[in-house]
S.K.: 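I am attaching a structure below and will ask some questions about it afterwards.
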Amino acid sequence: MGSGSYSSSDWAKLKSSRNIHADSKVSDLYQSRGMKAAYDPSKIKIRESRDSTDNPLSTAIIVGLDVTGSMGYLSEEIAKNSLNKTMLEIYDKSPVTNPHIMFQAIGDSKSDRAPLQATQFEADIRIAEQLLDVFFESGGGGNGGESYCLSWYFADMHTDIDCYNKRGKKGYIFTIGDERCHDTLTREEIKRVFGDDVERDYSAKELYQSAAKKYNIFHIVMKAGSYKNQNSGKGWEMLIPGHVIELEPDHLTHLAELFVSVMQLSEGGNKKDIVAQWKDQGAQLAVAEALGRLSIGDQKTGFFKF
Amino acid sequence: MKQRITVVVGKNFGDEGKGLATAYFAGRSTDTLVIKHNGGAQAGHTVDRADGRFVFHQLSSGSFSGATTYLSSTFLPDLLKLPEEAEAFRIAAGHVPTVYLDAQCRLTTVFDVVLNAFVESLRAGERHGSCGMGIHETVIRNENAEYGLSLAEFEAFSPHEVALFLEKIRTKYVPQRLSQLSTGMKDGNAWCDILLDPNVAGNAADAMKSASRFFSVIHDAKELIQPAENLLFEGAQGLLLDRNNHEYWPHLTPSDTGSKNPFAILKQCGISHDKTNTEVCYVTRSYVTRHGAGPLPHECDREEISPRIRDKTNVENQWQESLRYARHPEASEFVHAVKEDQKNYLKSDNPDVRETASVSLMITHLNETDGKIVSADEDKSVGVYLREGSLDSFFDHIYTSLTPFPEDVRRVARMC
C-alpha cells in the first residue's frame with residue numbers, strides 16, 4: 001500500500017508558482033504562470049519564414065524541446081548549452097540554405113497551462129535571446145506525459161514557409177525529449193492551446209503525416225528520465241518509423257554535429273562523407289550510430305537514388 | 001446469459017491478496033464490471049504477471065482482463081492521482097481501462113492529504129496506521145455540508161471555481177479543523193508550508209480538472225450494473241479494519257470493508273441474489289499481516305512464518321512503517337469476523353444465510369508456507385485446519401494460490 005502515495009514531485013508541482021503570493025487577492029488566484037504573450041500560440045496566427053534579399057533561399061527549421069519535469073536538469077542543459085552550440089553550428093555549416101530557426105518549448109497539453117511556446121523564425125543569433133525567454137521565464141513546471149505533436153500541429157497550421165510554399169522544399173522539425181508522445185490531441189486541447197476550432201480529435205499519427213508534407217520530421221529520444229519505464233524508443237519508432245534518434249545524455253555534446261548530419265543526409269548527402277567530416281572521434285561515433293538507424297525514404301530529396 | 005456476482009472481501013487487516021482474487025475472477029469473463037466501493041486511492045492491490053507486476057489504487061485489479069472499473073458513491077476518488085495510475089497502466093498494458101465514477105462520490109482534495117500527513121507527523125509514537133492519503137480527513141470534511149465536494153458539484157464547476165472552492169477549504173476550513181484537533185500551524189513543518197502556499201489550490205484545480213479525460217461520470221448506476229455479465233465487487237482493506245469493528249478501535253479505516261456496500265448496491269439496482277448466482281469470497285494469506293499501529297493477536301517474527309516472504313508492494317513509508325506478521329487464530333475462531341459480515345446478506349424472509357449467497361475462502365501465499373496454514377498452535381495443512389474448525393462445511397468452495405499469478409489459482413470443491 002505504500003506506493004502510489006504523493007511524492008516529492010507531486011508537491012513540487014502543487015507548489016510551483018502561479019505568480020501569486022501570500023498577500024494576493026483571491027481574484028488573483030487563477031492567474032497563469034507567466035508566459036509571454038509573444039510566445040503564446042493562441043495569440044500567434046502565423047509564423048513566417050520568408051525569402052529575402054539577404055536570405056533568398058530560406059529553410060525553416062523548428063527545434064522543439066521537452067521542458068517538463070521528467071527531463072530534469074537535462075532540458076536546462078540542452079537549452080543553455082547544446083542548443084546554443086547547435087544553432088551556431090547550423091548557421092555556420094549551413095547544411096541547408098539560409099537556415100531560419102524557431103525554438104519551441106513543449107509541455108503537456110493534457111495538464112500544462114502553457115504546453116507550447118514558439119519563438120519567431122530567425123536567420124541569425126538574435127534567436128538566442130528568445131531561446132532563453134522561452135525556456136527559463138516560463139517557470140516550466142513539471143508534468144507527466146508529453147504532447148510533442150503540438151509542435152507538428154503548430155508547424156502544419158500556423159507557419160507559412162517560403163521554402164515549401166514557393167519552392168517545394170521541405171523545412172525541418174526536430175523534437176527532443178524522454179517520454180512517449182500522447183496518442184491523441186483532442187479538439188478541446190487544440191481550442192485551448194491554439195484557439196482553433198476543429199471538427200474532431202486528431203491522432204498523433206495523423207498530425208505527423210500532415211506536417212510531414214511540409215517538413216522533414218525527426219525526434220531525438222533522450223535515454224534518460226522516463227525513457228526506460230515508458231519504453232519510449234519503441235513507442236517513437238512505431239509512431240515515426242525511421243525518423244527516430246536515440247541519444248545517450250553523455251552524447252549531448254554532439255547534438256550540434258547530429259543535427260547538421262541529419263540534415264545533410266536528408267538533403268541527399270553520403271553517409272560516409274557525412275561521418276568523416278567530423279574530426280572528433282566521439283562525434284563520429286554518435287553520428288554514425290544515429291544515421292545508421294535512420295531511413296529516410298523521401299522521393300523529393302532524391303534519397304534512395306542508386 | 002445469467003449474471004454472475006462475486007464479492008471479494010479481505011478477511012484480515014488488508015494485504016490478503018484481493019488484487020490477485022479480483023484478477024482471477026475477472027479473468028472468467030470478457031464482460032466484467034468491477035465495482036470498487038470503499039476507501040480511496042490508499043488501497044494498493046497488486047497483480048503479478050509474467051512480464052511484471054502492477055499495483056492498482058483506483059483502477060480495478062481486473063483491468064488486465066479488460067474489465068471496466070466503476071467507483072461507486074461510497075468510494076473516495078483522488079482525481080489528482082488518477083492520471084498517473086492510468087498512464088502507468090497504459091504503458092504496462094497498451095490501453096487505458098474504461099472507468100466510471102459515480103456522480104455522488106465525495107472527492108479527496110490535496111488538503112485532506114496534507115492535513116492527514118500533518119496530524120500524523122505530530123502524533124509521533126501514537127500513530128493510527130494511516131496510509132497518508134487523506135482518507136480519514138476526506139470523510140470528516142465531507143460530513144460538513146459547506147466544505148464537502150461531490151463529483152457532481154466538481155463537474156459543474158469551471159477550473160476557476162474549483163480553485164476558489166479549494167482555496168476556501170485552505171483558508172477557512174483548514175484553520176477550523178486544526179483548532180478542532182487542538183493544534184495550529186507549526187513553523188518549519190513542511191506540511192504547513194503547503195497549507196500556507198497560495199499556489200496550491202490553483203495548481204490542484206488544474207490537475208484535478210485535467211484528470212477528467214480518464215473517466216466518465218455516471219448518474220444512474222443501474223444502467224451500468226444491471227447488464228454486466230460478470231459483476232465483481234473489489235473490497236479494499238480488511239474485515240478487521242472495518243469502521244464498525246470496535247475490537248480494534250481506533251486503528252481502523254473509515255469505511256465498510258465487508259459485504260455491506262455490495263449488497264446495498266445490488267438492492268438499489270433491484271438485482272436479486274441467491275446461492276446460484278452470487279458468491280462472497282473471503283481472502284486471506286496463509287498467515288496474517290498488518291500495517292503500522294494497532295493490536296495484532298498472535299504477532300510473530302516474519303522469519304518464524306517463512307524466510308521466503310518478500311513483499312514488494314509494501315515498501316516502508318513514513319506513515320505506515322513496516323509490515324507486521326502474525327499467525328492465524330485457532331480454527332474455531334477463524335471465521336469470527338466472517339460470521340459478523342454475513343449479517344449483511346441475510347434476508348429477513350429467509351433466515352438461512354446459506355441460501356442468499358455461496359461463501360468461499362481463498363488462501364493466498366501458500367507457496368511461502370509449504371502449502372500450510374500458519375496457525376496459533378502450529379502450521380497445519382489446509383484440510384486439517386479447516387476440519388478442526390468444522391470449516392470444511394462452512395465454505396462452499398476453497399481456492400488455493402501457490403504462486404503470485406492469478407491464472408494459477410485453483411478451486412477445490414471440498415477439502416476432504
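Convention: sequence-line order gives letters A, B, ...; per-chain numbering from 1.
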S.K.: List the residues meeting side-chain contact (heavy atoms from CB on, under 4.5 Å) with A:Val244, not counting sequence neighbours, and say none if there are none.
M.R.: A:Val221, A:Trp236, A:Glu237, A:Ile240
S.K.: Roughly how far apart are B:Arg90 CZ and A:His182 NE2, rounded to 0.5 Å?
M.R.: 7.5 Å
S.K.: Do B:Val200 and A:Trp11 have side chains that approach each other closer than 4.5 Å (heavy atoms only, starting at C-beta)?
M.R.: no
S.K.: Who pairs with A:Asp250 by side-chain contact (heavy atoms from CB on, under 4.5 Å), at least two apart in sequence or on another chain?
M.R.: none
S.K.: Among B:Asp193, B:Ile194, B:Thr171, which residue forms the greatest number of heavy-atom pairs with chain A at distances under 4.5 Å?
M.R.: B:Ile194
S.K.: As an exercise, state the distance from CD of B:Glu84 to OG of A:Ser7, rounded to the nearest 0.5 Å.
M.R.: 6.0 Å
S.K.: Heavy atoms, side chains only, cut-off 4.5 Å: are A:Leu14 and B:Val110 in contact?
M.R.: yes
S.K.: Taking atom NZ of B:Lys186 as the centre, does the number of heavy atoms from other residues, nucleotides or ligands within less than 6.0 Å exceed 12?
M.R.: yes
S.K.: Taking side chain as C-beta onward, heavy atoms only, is A:Tyr6 less than 4.5 Å from B:Leu80?
M.R.: yes
S.K.: Pick one of side chain, backbone, both or neither for A:Asn231, based on which atoms fall under 4.5 Å of a heavy atom in chain B.
M.R.: neither
S.K.: So, does B:Asn203 use its side chain to make a donor-acceptor pair with the main chain of A:Ser16 at under 3.5 Å?
M.R.: yes
S.K.: Is atom CG of B:Asp187 surrounded by more than 12 heavy atoms (other residues, nucleotides or ligands) closer than 6.0 Å?
M.R.: no
S.K.: Mind checking whether A:Lys15 and B:Asp197 have side chains closer than 4.5 Å, heavy atoms only?
M.R.: yes
